[in-house]
Every structure is written in structure tokens, then in C-alpha cells.
Number of protein chains: 2
Amino acid sequence: MRFVIDPKSGIPFYRQIIDQIQFAIGDSRLCGGDRLPTVRQLAVDLKINPNTVARAYQELEIKGVLNTQMGTGTFIGNEKIEIPELERRRMLNQICTELLSRAAAYGLTLDEVRDALAERAGEGRA
Amino acid sequence: MRFVIDPKSGIPFYRQIIDQIQFAIGDSRLCGGDRLPTVRQLAVDLKINPNTVARAYQELEIKGVLNTQMGTGTFIGNEKIEIPELERRRMLNQICTELLSRAAAYGLTLDEVRDALAERAGEGRA
DNA sequence: ATTATTGTACTATAATACTAGTACAATAGT
DNA sequence: ACTATTGTACTAGTATTATAGTACAATAAT
């Protein structure tokens, strides 16, 4: 998996890393057990401080998304996070509502949103 | 015109305001001469500090998008600005990225979000 | 056991961004 | 002139972000 960070985006480095990992998991480019680059390696690749990478990994570790083992590396967690179905649907609805609300505030239509998401569906699946 | 602020987005309040105004002008929901809410009023509506609203207005004033007059109010400039298609797409992507990231954090997949939106498409207006 | 590799902890620091609070200044309306 | 309404300036506090440096701890490989 290839990571990219955009210093000009204004989005914190550590968050960009987190997002990319979560997305990759979300559309199965990363699966349980997959290994991530080492803290030091990714720091070198992205030309940022190791601590910044570590912070991203840590945050995901806390959330239970990653397993880290000293001396071994950092891996995608094997257990899918168990969230009650009801809670899931509630969250899904909330997210959609918010997405549409914000889109509407910018004059973006539901169709445009759907198209944008459709495009993304094409990107990931290798 | 209705403004929306999402404190959880990580995007500065003042920038969210700026973006919404520009987009509204871009697709003619706001036209030259239209009056914006007063600094104080919008601050109350959004439950934020007046300075934050003022900053947004100021930045747009500098760009020549708005005219402000003390004692009178703040108005959309007469020269229509075009929102480049690229900019539109960038904003669309930003919104999608952010919401998908939150979705991913709850173990929701891109497909699930798309399906949920598809359902809403049938229901009526977004 | 030893060594290399991995992640972790801690401190410090700098820079910046954001917001709030408060007081001020200009204009409109009367 | 007076007052209300409007935008503006100044100051300061708080949080965030990122980096650097150093040392430590756990595991794997040998």
C-alpha cells in the first residue's frame, strides 16, 4: 500500500495517515493481518518525523483497528469491530444526513454526491 | 440562506463560512447586492464568536467578493465570481473524504454509505 | 546470549491556528 | 445631536500540530 501526504492540504499528517489506513480497510485494500510499514520506514518514505507516524498508529491501536507488536511490526486487526446492528444503522444514517446537509450548504446535489462516491468505488478494488 | 457549521469536521469555522458563501454565489443562491446576516446575528445563529464571522467576511472583502459598510451591513459584490468546476469537485471530494473517514471508523463500508444514499434518493428531496 | 529491529515514552519547543472577550469606530436613522 | 446598529481592532488564551532528541522495552533472528 502506498501512502501519500499533502503538506499543503492543511490536514494534519497524522490524520492523513489515519484516514488512508481506514479507507483502505473500508474497501478491502487492507485486510486483517496485513502488515503496515514500520514507523521508521514510513517516516522516511513520507519525509516526516517518526513520532508523527507513531501517533497515527497509536490512535488506531487505541481504537482497536491495529495490533502492534514490538519487534514485529504493526498489523491490521483481525477482529472486525463488533458494533450492534442498530448502532450501525443509526450511525450510517447520521453520517448520511450530515453529508447531505453539508453538501447542500455548498449547493452540491445528492446526485453529485452519489457520483463522487461511485468514482471512489472504482479506485480501490485491486 | 442557511449556514451550517460542523465543529467536528476539523475545518475552521471561518473557512466553512467563506466556502459556503462562495459556493452560494457560484450557483446563484446569492447574487450581487444581496445582504448577508450581520456579524453578530450570524455569530448567534452559529453559536460562535462574532470575530470568527468577521474574519470570514473580511477575507472575502479583501478578495473583492463582499462589500462591507459599517452601520449598514455586508453585501455580495456586484461582480459575479465563478466557482471553477475543479473547485467544486475538490469541495465535493473533501466532504466525501471526511464523512467516509468517519464511516470507516465505525466499520461502515463505502458501499453501505452508497446504498443508504440510494435509498434516500427515492424518498424525495435531499 | 547477543544483536538488530521494532514500537514506546518522555520531554521540550516552536510555530501556528483558532476562538473568545472586550472595547472601539463608523455609519444610518431618528 | 443622539442612539442603535453595524463592522473593526486589539489582546490574550487555548489547542493543535509538528518536530527533535533521547532513552527505553519487547521481540525476532542469529
Side-chain angles (χ1 to χ4, degrees), chain A residues 1 3-22 30 33-78, chain B residues 1 3-21 30 33-77 94 97-98 101-102 105:
Chain A
M1 152 145 196
F3 288 87
V4 181
I5 57 172
D6 177 6
K8 283 175 290 190
S9 72
I11 299 168
F13 297 164
Y14 82 98
R15 177 135 294 283
Q16 293 187 44
I17 294 171
I18 289 175
D19 286 347
Q20 287 177 44
I21 293 171
Q22 286 192 335
L30 284 178
D34 283 355
R35 184 182 181 184
L36 291 171
T38 70
V39 167
R40 286 174 179 77
Q41 185 58 53
L42 187 52
V44 170
D45 289 350
L46 299 178
K47 298 184 178 62
I48 61 178
N49 193 283
N51 274 330
T52 305
V53 177
R55 176 172 175 184
Y57 284 5
Q58 280 171 335
E59 202 158 302
L60 288 173
E61 159 100 53
I62 291 169
K63 283 168 84 175
V65 176
L66 301 181
N67 296 330
T68 60
Q69 290 184 324
M70 283 184 173
T72 311
T74 303
F75 302 85
I76 308 298
N78 285 313
Chain B
M1 152 132 196
F3 288 88
V4 180
I5 291 247
D6 178 7
K8 283 176 289 188
S9 73
I11 298 168
F13 298 163
Y14 81 98
R15 177 133 294 283
Q16 294 185 46
I17 294 171
I18 289 175
D19 288 342
Q20 287 176 43
I21 292 172
L30 285 177
D34 282 356
R35 184 180 183 187
L36 289 172
T38 70
V39 167
R40 284 175 181 75
Q41 186 57 54
L42 186 53
V44 171
D45 288 349
L46 299 178
K47 298 184 177 62
I48 61 179
N49 192 280
N51 272 328
T52 305
V53 178
R55 174 168 179 187
Y57 284 6
Q58 281 171 335
E59 205 158 301
L60 288 173
E61 159 102 50
I62 290 170
K63 282 173 80 175
V65 177
L66 301 181
N67 297 329
T68 61
Q69 291 182 325
M70 280 185 172
T72 312
T74 303
F75 302 85
I76 307 297
Q94 184 179 309
T97 296
E98 200 174 296
S101 176
R102 301 238 306 266

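Here is the naming used below: chain letters follow the sequence lines, and residue numbers restart at 1 for every chain. None of the values given here were measured: they were computed from a predicted structure.
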Point to revise | Candidate pair B:M1 and B:D34, rule side-chain contact (heavy atoms from CB on, under 4.5 Å), full reasoning | key: CA-CA 10 Å; B:M1 152 132 196; B:D34 282 356; over 6 Å; no
Check your understanding: Want to settle it: does A:M70 or A:K47 sit nearer the 5' end of DNA chain D, counting the closest nucleotide to each?
Key ->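 It is A:K47 whose nearest nucleotide is closer to the 5' end.
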Review point. Starting at the 5' end of DNA chain D and moving along, which residue's nearest nucleotide shows up first, B:T38 or B:Q58?
Key: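 The 5'-side residue here is B:T38.
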Practice item. Give a yes or no on whether a donor-acceptor pair under 3.5 Å exists between the nucleobase atoms of C:dG7, that is its base, and the side chain of A:N51. Key: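 Side chain to base: no pair below 3.5 Å.
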Review point. Should B:F13 and B:L46 count as side-chain neighbours, where that means a heavy-atom distance under 4.5 Å?
Key: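 Counting from C-beta outward, B:F13 and B:L46 never come under 4.5 Å.
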Review point. Is there a side-chain contact between A:T74 and A:N67 (heavy atoms, below 4.5 Å)?
Key: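 Sidechains of A:N67 and A:T74: no contact.
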Let me know the distance between [atom1] of [X] and [atom2] of [N], rounded to the nearest Å.
{"X": "A:I18", "N": "D:dT16", "atom1": "CD1", "atom2": "P", "value": "14 Å"}
{"X": "B:F13", "N": "C:dA17", "atom1": "CZ", "atom2": "P", "value": "17 Å"}
{"X": "A:N67", "N": "C:dG7", "atom1": "CG", "atom2": "C1'", "value": "13 Å"}
{"X": "A:E59", "N": "D:dT16", "atom1": "CD", "atom2": "P", "value": "11 Å"}
{"X": "A:I17", "N": "D:dA18", "atom1": "CD1", "atom2": "P", "value": "9 Å"}
{"X": "B:Q69", "N": "C:dA26", "atom1": "CD", "atom2": "P", "value": "15 Å"}
{"X": "B:E61", "N": "D:dT8", "atom1": "CD", "atom2": "C1'", "value": "11 Å"}
{"X": "A:I48", "N": "D:dA20", "atom1": "CD1", "atom2": "P", "value": "11 Å"}

**Study point:** Value rounded to 0.5 Å, distance of CG in A:L42 from CG in A:L36
**Key:**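 Those atoms lie 8.5 Å apart.
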What nucleotide among [options] has an atom nearest to a side-chain atom of [X]?
{"X": "A:R40", "options": "C:dT6, D:dA18, C:dT19", "value": "C:dT6"}
{"X": "B:Y57", "options": "C:dA20, D:dA18, D:dG7", "value": "D:dG7"}
{"X": "B:V39", "options": "D:dT27, D:dG7, C:dC18", "value": "D:dG7"}

Phosphate-side-chain proximity, [X] and [N], N/O vs OP1/OP2 below 4.0 Å:
{"X": "A:Y14", "N": "D:dA18", "value": "no"}
{"X": "A:T74", "N": "C:dT6", "value": "no"}
{"X": "B:T72", "N": "D:dT5", "value": "no"}
{"X": "A:N49", "N": "D:dA20", "value": "yes"}
{"X": "B:T68", "N": "D:dT8", "value": "yes"}

Exercise for review: Decide yes or no on side-chain contact (heavy atoms from CB on, under 4.5 Å) for A:Q22 and A:L60, but give the supporting numbers first.
Suggested key: CA-CA 9 Å; A:Q22 286 192 335; A:L60 288 173; 3.6 Å; yes
Practice item. For B:R15, answer base if it contacts any base atom (sugar-phosphate contacts may also be present), sugar-phosphate if it contacts only those atoms, and nothing otherwise; contact means non-hydrogen atoms under 4.0 Å. Key: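 Nothing, no heavy atom under 4.0 Å.
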